[in-house]
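In what follows, chains carry the letters A, B, and so on, assigned in the order in which the sequence lines appear, proteins first and then strands, with residues in each chain numbered from 1. Keep in mind it's a predicted model, so treat the numbers as computed, not measured. These values consider heavy atoms only, across backbone and side chains, with no hydrogens, waters or symmetry-generated copies.
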Amino acid sequence: QKEVEQDPGPLSVPEGAIVSLNCTYSNSAFQYFMWYRQYSRKGPELLMYTYSSGNKEDGRFTAQVDKSSKYISLFIRDSQPSDSATYLCAMRESTGRRALTFGSGTRLQVQP
Amino acid sequence: SAVISQKPSRDICQRGTSLTIQCQVDSQVTMMFWYRQQPGQSLTLIATANQGSEATYESGFVIDKFPISRPNLTFSTLTVSNMSPEDSSIYLCSVEDPGETQYFGPGTRLLVL
């Protein structure tokens, strides 16, 4: 079993839809949670960064962390064709090991 | 956020040869990381490179195959040695900023024939 599980998709939605992307994890030591967006042939771009449980909002993006369920989500409101990319969840422990553990990525296609 | 550049951006190499990838950051950072992203896959950590100390390698990656240098706080290199087609991948460096977030370079696309 992988430490971080993420549905690879592809996920296809119409423009303007609300998108929900999710990851589950097994390591209870994870404290920092991130979402990266990766366009084709580009490096990952940090979208959201959350510490411990709770919600964080930035424009059309909302990140949620539920540590009791070991479940994190990224919501995209009013999705745009420019949101079409692969979304990667990543997480790490609070002390010691600083490297990130990634999910496999969800490919999102927003249809105009 | 830190601005990270990598050279080369892509390369096609013959099996048995070696390629050195450079990673340059526009600010001083303590922690740098090298990841590999195989076609259609997510990112896998190769090693952590801190200035002034030996790189720390993840299980399945060894120094003889992936030697790393970290001569100062803004630069690192990763060499892929004695390449085989299985080494065809995207190689990414990342840095951790003082806010403990990681930013990635654009990647180096390697094809080994």
Determine the minimum heavy-atom distance between Gln6(A) and Gly105(A), stating which atoms define it.
OE1-N, 2.9 Å
Does any backbone or side-chain atom of Tyr51(A) lie under 4.5 Å from a heavy atom of chain B? Answer side chain, backbone, both or neither.
neither
Per-residue contact mode, Leu43(B) against chain A (heavy atom under 4.5 angstrom):
both
Segment of Gln6(B) engaging chain A (4.5 angstrom heavy-atom cut-off):
neither
Does the ring center of Tyr71(A) lie less than 6.0 Å from the ring center of Tyr25(A)?
no
Check Arg77(A) with Glu57(A), please: is the shortest side-chain N to carboxylate O separation under 4.0 Å?
yes
Would you mind telling me which of Arg92(A), Arg98(A), Arg107(A) has the largest number of heavy-atom pairs within less than 4.5 Å of chain B?
Arg98(A)
Check the pair Asp97(B), Thr101(B) against side-chain hydrogen bond (donor to acceptor under 3.5 Å, both in side chains), reporting the backbone distance first and the verdict last.
CA-CA 6 Å; Asp97(B) 75 357; Thr101(B) 51; 3.0 Å; yes
Contact origin within Glu96(B) toward chain A - heavy atom pairs under 4.5 Å
side chain
Using a 4.5 angstrom heavy-atom cutoff, name the option from Gln38(A), Met34(A), Glu45(A) with the most pairs to chain B.
Gln38(A)
Check whether Leu46(A) gets within reach of chain B through its side chain, its backbone, both or neither, counting any heavy atom under 4.5 Å.
side chain
Asp87(B)/Lys65(B) ion pair, N-O < 4.0 Å:
yes
Is it the case that Tyr49(A) and Gln102(B) place a side-chain donor and acceptor less than 3.5 Å from each other?
no
